[in-house]
Each structure stands twice: as C-alpha cells, then as structure tokens.
Amino acid sequence: MPAPDDQSIPSVWARPRKQREQPTLSRESIVTEAIGLLDAEGVENLSMRRLAQRLNAGATSLYRHVANKDELIELVVDEVYGELRVPDPDDPDAAAGWRAAIAEGAHSLRAMILRHPWVAAVLGQVGLASLGPNLGRQSGRILAHFRQAGFQAGEAGQAMDTLIAYVIGMTTSEAAYLSMLARSGKTEQEWIASLRPLTEQAVRDEPMLTDLYAAIQGEDPAKTRDANFGYGLERVLDGLAARLGPQG
C-alpha cells in the first residue's frame with residue numbers, strides 16, 4: 001500500500017503537512033495573501049513568484065508549505081467555501097423547511113462567488129477539492145437537508161449537483177459582467193444608459209425583445225439581477241420538490 005504522502009494522489013489534502021514550519025510563514029498566511037492577490041488582480045496574475053513578492057519571502061520558501069500552484073488553488077478554493085452560510089441540518093427550524101435552508105445556501109454561494117469572481121474560473125481545475133474540510137462540511141450540510149426532505153442518498157447527490165450547477169452557471173456570467181463594469185469605471189446605471197440607444201436599435205425588429213426591454217426600463221439593475229437569480233432558484237427547487245410528490 002502506498003505511503004500517505006504518495007503523489008499518485010495529486011492533491012494537497014493527500015499530503016501530510018510538515019510538522020515544522022517557518023515561524024514567519026505558514027500555510028494560512030500564504031492562503032490569506034493568495035486570496036488578496038486573486039481578489040485584487042485576478043487568477044491570470046497568480047503565480048508563486050508574484051505571491052512570494054507580496055509575502056516578502058523567497059519563492060522557494062513557499063514550496064515548503066505548498067508544492068505547486070495546483071495545490072495553492074485547492075487551498076484558496078476551500079478557504080473561501082468556508083464563507084458559505086448553510087443552516088445546521090440539526091437545527092429543528094432548518095429541518096422543518098428544507099427549501100429555505102437550501103435557498104439560503106444557494107444565495108450564500110452566489111454572494112461568495114461575486115466577492116471572489118476568480119473562483120468560477122478555477123472550479124474546473126481544483127483536482128480533489130472535495131477532500132477539503134470546508135467544501136466537505138458545506139456539501140455534507142446541503143446533502144443532509146436533501147436527505148431530510150426525503151431524497152435517497154444517490155438522488156440527494158444529484159439534487160445537490162443540480163443546485164450548484166445552477167448557481168455557478170448564473171453567477172459566472174454575473175461575475176464576468178460585474179468585472180467588465182469595474183474595468184469600465186462606470187456605475188451599472190451609467191453603463192446601461194450608455195448602451196440604451198444601441199440596445200433599442202438592435203431589438204427594434206424583434207417585438208418580443210422590445211417588450212422585454214421596455215418592461216425593465218427604469219428598474220434598479222442590481223435588484224433585477226437579484227430577482228432573476230431568485231426566480232431561477234425557485235424554479236429549480238420547484239422541480240426538485242416535484243420529485244418528492246405531495247410531501248415535497
């Protein structure tokens with residue numbers, strides 16, 4: 001049987017931490033600084049050398065704590081997943097309302113991605129991220145709510161995957177849009193106003209789109225985004241509830 005630190009399992013969670021660490025540098029400080037770098041400059045500017053500069057450390061010293069950039073990505077993703085708020089499934093109030101608990105977790109996941117828009121870009125390259133303590137704990141809580149709702153183990157996992165796919169799909173586009181706004185230096189209202197003449201021209205031969213744009217004119221765009229996300233989330237939950245029959 002391979003040793004626990006065998007690198008045939010390419011994950012930071014499969015490699016034991018060194019017992020002795022530099023007193024001025026720790027895995028926790030590396031992760032904190034990496035998140036700050038990612039939030040400020042995006043994933044395209046993340047490198048071990050760039051991170052070492054921000055920590056006033058040598059690049060080689062980082063490798064005593066994190067073997068490579070892939071491990072670093074696993075660590076930062078798990079760290080920000082710790083920000084999620086998923087109600088305790090052992091709370092009697094939560095157990096009595098699975099939809100409300102799942103919806104709270106979904107809104108919290110959306111908020112986390114919008115705070116850290118780089119997350120959406122790296123979720124497909126995090127290897128065995130599910131081994132991380134925060135992601136594992138949050139996933140376990142979501143699964144517990146689905147089991148309490150009446151889903152069997154296998155379908156509870158499918159329900160969770162469906163929910164997360166909806167949240168990530170909607171929020172990835174939203175995060176990209178908000179990042180574009182930030183680069184433009186305009187407020188959302190200013191951006192929409194600047195595009196209005198082009199938008200009206202583009203949809204003038206499409207009556208359905210013309211009606212849609214007319215219906216949302218003057219609305220607060222942030223509230224519209226919130227409402228659109230909430231509408232889709234409720235429809236996903238409607239579909240899942242239908243699987244449970246009348247008791248759902």
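As the structure is a prediction and not an experimental result, all values here were calculated from the model.
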Does [X] reach the main-chain N or O of [Y] with its side chain, forming a donor-acceptor pair under 3.5 Å?
X: S61; Y: G58; result: yes
X: S108; Y: G105; result: no
X: Q148; Y: P89; result: yes
X: Y81; Y: Q138; result: no
X: S47; Y: R50; result: yes
X: S179; Y: A175; result: yes
X: Y166; Y: F229; result: yes
X: H145; Y: P87; result: yes

Requested in this report: Would you sort out whether H116 and I35 count as a side-chain contact (heavy atoms from CB on, under 4.5 Å), showing the intermediate values?
Outcome: CA-CA 8 Å; H116 309 291; I35 291 172; 4.0 Å; yes
Query - Carboxylate-amine/guanidinium proximity below 4.0 Å for D220 and R225 - result: no
Query - Quiz item: cation-pi between R235 and Y231, 6.0 Å / 45° - result: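 That pair qualifies as a cation-pi contact.
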Query raised in the report: Are R243 and F151 in a cation-pi contact, defined as NZ or CZ under 6.0 Å from the six-membered ring centre and within 45° of the axis?
Result: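 Judged by the rule, R243 and F151 form no cation-pi pair.
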Report task. Check step by step if side-chain contact (heavy atoms from CB on, under 4.5 Å) holds for D226 and H107. Result -> CA-CA 9 Å; D226 289 345; H107 282 286; over 6 Å; no
Enter the distance from [X]:[atom1] to [Y]:[atom2] here, rounded to the nearest 0.5 Å.
X: T32; Y: E79; atom1: OG1; atom2: CD; answer: 6.0 Å
X: M170; Y: N228; atom1: CE; atom2: CG; answer: 6.0 Å
X: D161; Y: L143; atom1: CG; atom2: CG; answer: 8.5 Å

Query - S29 versus L55, closest heavy-atom pair with distance - result: O-CD2, 4.0 Å
**Report entry** No-hydrogen, no-angle side-chain donor-acceptor test under 3.5 Å, N134 and R137
**Finding:** yes
Requested in this report: Please step through salt bridge (Lys or Arg N to Asp or Glu O under 4.0 Å) for the pair E71 and R27, ending with a clear verdict.
Outcome: CA-CA 11 Å; E71 284 196 0; R27 179 183 286 182; 5.5 Å; no
Requested in this report: Can you establish whether the number of heavy atoms outside R54 located under 6.0 Å from its atom CZ is more than 12?
Outcome: yes
Query - Test log, rule side-chain contact (heavy atoms from CB on, under 4.5 Å), inputs W118 and L46 - result: CA-CA 11 Å; W118 50 268; L46 176 67; over 6 Å; no
